[in-house]
Engineer: 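The structure that follows is given in the form of structure tokens.
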There are 2 protein chains.
Amino acid sequence: MPDVKHFDPEVALDQVMTLFWRRGAEATGIAEVVQATGLSRSSLYATFGGKERLQAAALGRYLERQSRPVLDALAADTRGVPAITAFFERLVAARCTGEHARWGCLVTNTHATAGGGPPEIREILDRHHDALRAAMRAALEAARAKGRLRPGLDPEAVAEALTLQAYAVNLRSRAGAEADVLLAGVRAVVDAFTLAEER
Amino acid sequence: MPDVKHFDPEVALDQVMTLFWRRGAEATGIAEVVQATGLSRSSLYATFGGKERLQAAALGRYLERQSRPVLDALAADTRGVPAITAFFERLVAARCTGEHARWGCLVTNTHATAGGGPPEIREILDRHHDALRAAMRAALEAARAKGRLRPGLDPEAVAEALTLQAYAVNLRSRAGAEADVLLAGVRAVVDAFTLAEER
DNA sequence: CCTATCTTGGAATGATCGTTCCAAGATAGG
DNA sequence: CCTATCTTGGAACGATCATTCCAAGATAGG
């Protein structure tokens with residue numbers, strides 16, 4: 001009997017995610033969300049609840065749409081060291097050029113504002129952190145199997161280190177860091193963990 | 001002839017810096033600043049100008065009071081690798097325990113919110129970045145002189161990498177990361193850049 | 001076509017935002 | 001002590017914040 005929604009919530013959430021990513025969630029007012037989505041305040045609140053819940057939903061959507069594909073690609077890439085190198089090269093490229101240049105990473109940006117924030121948000125951040133570290137670790141194990149990983153290293157610690165490196169790339173890129181500087185930094189780390197390819 | 005200020009602007013700025021550091025500059029209202037400093041709005045605006053200028057001043061004060069001593073200590077520490085290790089151990093300890101636990105770093109936090117922000121802020125961030133990298137590089141050169149730096153490394157790139165690691169420690173600590181996890185990560189990076197001590 | 005039920009547009013809410021303003025208070029040179 | 005000049009407290013400003021509310025509109029089972 002009842003009326004049905006006149007819009008697609010999935011599309012709307014994508015728009016909100018993009019807006020929060022570009023402008024920063026806390027700095028974005030509901031009025032901007034209304035304008036970006038074309039929805040009315042009624043529909044917005046009826047569908048997503050208040051701003052805090054909307055923010056969590058947008059962050060979850062970011063993980064799903066942006067992070068997940070990249071993490072899965074990294075975890076599934078069995079090449080070893082080249083997989084890690086490719087991950088970072090694509091990361092730097094995405095952060096410094098193209099459609100989302102200088103937007104940083106929504107997950108990374110949220111870290112800075114999550115101090116004292118709702119535990120729900122922090123759990124999402126931790127889950128993402130674990131997922132990225134696990135993907136790194138998988139790539140590292142592949143590298144080790146190929147004899148490209150320097151002996152005596154703790155893969156878990158190395159995975160954590162590389163994950164931290166990725167966060168910093170995201171962070172610095174939003175403040176305008178140069179792509180080649182960031183690349184030189186990550187290359188130095190990856191090189192230090194690996195052995196030169198045999199020929 | 002005129003009246004003089006009834007307060008010490010230096011003390012007030014320290015209080016504002018602490019407040020912005022703990023709560024986040026953007027999330028902090030002028031009302032909170034008034035309460036924390038005990039000043040009236042009149043004195044606040046007459047002394048520091050609007051919020052944007054206050055934010056820049058607080059960030060500058062943070063560099064002076066918090067970052068500078070640590071950076072100078074790192075640059076002046078001629079021990080080489082132990083200097084770098086000590087820097088990171090103190091960093092993790094400061095971020096995860098004590099008075100400022102889970103506050104993160106005001107400079108690092110500002111990175112996430114500086115997207116599209118005033119160029120003045122971004123320049124401060126860049127100056128800090130250069131200073132930290134230079135201090136790292138000085139310590140690396142000392143390590144190289146002692147034969148503890150792995151041969152064939154580009155000190156500039158390694159300094160950049162270590163600087164990025166420090167940012168990530170700051171970032172993750174604010175979201176609640178465990179000290180031992182962060183330490184394991186940075187240890188892996190430092191170890192990878194260095195050679196075991198001779199005995 | 002009727003009507004119960006949900007959605008929608010948009011006005012209205014009170015709170016808080018950063019900022020301005022002015023009268024009253026404090027200061028120190030004359 | 002007088003007065004020019006700055007500082008101070010605090011009211012007031014318009015803008016924007018997130019949220020609520022309701023009448024009007026749309027829908028689909030009966």
Engineer: Hey, could you give me each pair passing salt bridge (Lys or Arg N to Asp or Glu O under 4.0 Å) that has a residue in residues 33-59 of chain B? Not counting sequence neighbours.
Structural biologist: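 Every candidate salt bridge (Lys or Arg N to Asp or Glu O under 4.0 Å) pair involving residues 33-59 of chain B fails, so no pair, neighbours aside, qualifies.
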
Engineer: In residues 12-30 of chain B, which residues come under 4.0 Å of DNA chain C by heavy atom?
Structural biologist: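 Only Thr28(B), Gly29(B), Ile30(B) qualify.
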
Engineer: Rounded to the nearest angstrom, tell me the gap between atom CD in Glu32(B) and atom P in dT16(C).
Structural biologist: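 Checked: the CD to P distance equals 11 Å.
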
Engineer: Once Watson-Crick and G-U wobble pairs under 3.5 Å are found, how is DNA chain C written in dot-bracket notation, 5' to 3', with | for any base paired to another strand?
Structural biologist: ||||||||||||||||||||||||||||||

Engineer: Can you check the Leu39(B) CG to dG10(D) C1' distance for me, whole Å?
Structural biologist: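 So the two atoms are 14 Å apart, to the nearest Å.
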
Engineer: Give every donor-acceptor pair under 3.5 Å between a side-chain atom in residues 77-85 of chain B and any protein atom, sequence neighbours left out.
Structural biologist:
| unit_1 | atom_1 | unit_2 | atom_2 | d |
| --- | --- | --- | --- | --- |
| Asp77(B) | OD1 | Arg79(B) | N | 3.0 |
| Asp77(B) | OD1 | Arg79(B) | NE | 3.0 |
| Asp77(B) | OD2 | Arg79(B) | NE | 3.2 |
| Asp77(B) | OD2 | Arg79(B) | NH2 | 2.8 |
| Thr85(B) | OG1 | Val81(B) | O | 3.2 |

Engineer: Strictly by ring pair (Phe, Tyr, Trp, His ring centres under 6.0 Å), give each pair with a member in residues 107-156 of chain B just once, sequence neighbours left out.
Structural biologist: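 Only His111(B)-Tyr167(B), His129(B)-Tyr167(B) qualify under ring pair (Phe, Tyr, Trp, His ring centres under 6.0 Å).
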
Engineer: Could you report the tightest heavy-atom contact between Ala196(A) and Arg148(A), atom names first, then the distance?
Structural biologist: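 That would be C-NE, 4.1 Å.
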
Engineer: Do Val107(B) and Leu132(B) make a side-chain contact, defined as non-hydrogen atoms from C-beta onward lying under 4.5 Å apart?
Structural biologist: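 When only atoms from C-beta onward are counted, Leu132(B) and Val107(B) do not touch, as no gap falls below 4.5 Å.
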
Engineer: Anything under 3.5 Å between a donor and an acceptor, one on a side chain of residues 183-195 of chain B, the other on a protein residue two or more places apart or in another chain? List them.
Structural biologist:
| unit_1 | atom_1 | unit_2 | atom_2 | d |
| --- | --- | --- | --- | --- |
| Arg187(B) | NH2 | Glu89(B) | OE2 | 2.7 |
| Thr194(B) | OG1 | Val190(B) | O | 3.0 |
| Thr194(B) | OG1 | Asp191(B) | O | 3.4 |

Engineer: Apply salt bridge (Lys or Arg N to Asp or Glu O under 4.0 Å) to residues Asp130(B) and Arg127(B) and explain how you reach the verdict.
Structural biologist: CA-CA 5 Å; Asp130(B) 292 341; Arg127(B) 274 199 292 121; over 6 Å; no

Engineer: What does nucleotides 21-30 of chain D look like as a protein-contact string, B for base, S for sugar-phosphate only, - for none, at under 4.0 angstrom between heavy atoms?
Structural biologist: B---BBBBS-

Engineer: Tell me, which of residues 44-58 of chain A have any heavy atom that sits under 4.0 Å from an atom in DNA chain D?
Structural biologist: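 Close to the strand are Tyr45(A), Gly50(A), Lys51(A).
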
Engineer: Starting from C1' on dT8(C), measure out to CZ on Phe7(A) and report it in whole angstrom.
Structural biologist: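 Checked: the CZ to C1' distance equals 10 Å.
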
Engineer: Under the ring pair (Phe, Tyr, Trp, His ring centres under 6.0 Å) definition, can you give me all pairs with a residue in residues 25-72 of chain B, not counting sequence neighbours?
Structural biologist: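 Every pair satisfying ring pair (Phe, Tyr, Trp, His ring centres under 6.0 Å) with a residue in residues 25-72 of chain B: Trp21(B)-Tyr62(B).
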
Engineer: For residues 90-113 of chain B, pull every pair meeting salt bridge (Lys or Arg N to Asp or Glu O under 4.0 Å), keeping only residues two or more places apart or in separate chains.
Structural biologist: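 Found none.
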
Engineer: Within the pair Ser40(A) and dT8(C), is there a side-chain N or O less than 4.0 Å away from OP1 or OP2?
Structural biologist: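 False: Ser40(A) side-chain N/O out of range (4.0 Å or more) of dT8(C) OP1/OP2.
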
Engineer: Does any N or O in the side chain of Arg174(B) come within less than 3.5 Å of the main-chain N or O of Ala112(A), such that one atom is a donor and the other an acceptor?
Structural biologist: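 A pair under 3.5 Å: yes.
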
Engineer: Taking side-chain hydrogen bond (donor to acceptor under 3.5 Å, both in side chains) as the definition, give me every residue that meets it alongside His6(B), ordered by chain and number, with sequence neighbours left out.
Structural biologist: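 Checked His6(B) against side-chain hydrogen bond (donor to acceptor under 3.5 Å, both in side chains); matches are Asp3(B).
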
Engineer: Would you call Asp126(B) and Arg172(A) a salt bridge, using N to O less than 4.0 angstrom?
Structural biologist: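 Yes, charged N to carboxylate O under 4.0 Å.
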
Engineer: Quick one: which residue pairs count as a salt bridge (Lys or Arg N to Asp or Glu O under 4.0 Å) with a foot in residues 111-124 of chain A, not counting sequence neighbours?
Structural biologist: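 Passing the test, one end in residues 111-124 of chain A: no pairs.
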
Engineer: Between atom CD in Gln35(B) and atom C1' in dG10(D), what is the gap in whole Å?
Structural biologist: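 In whole Å, dG10(D) C1' and Gln35(B) CD are 15 Å from each other.
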
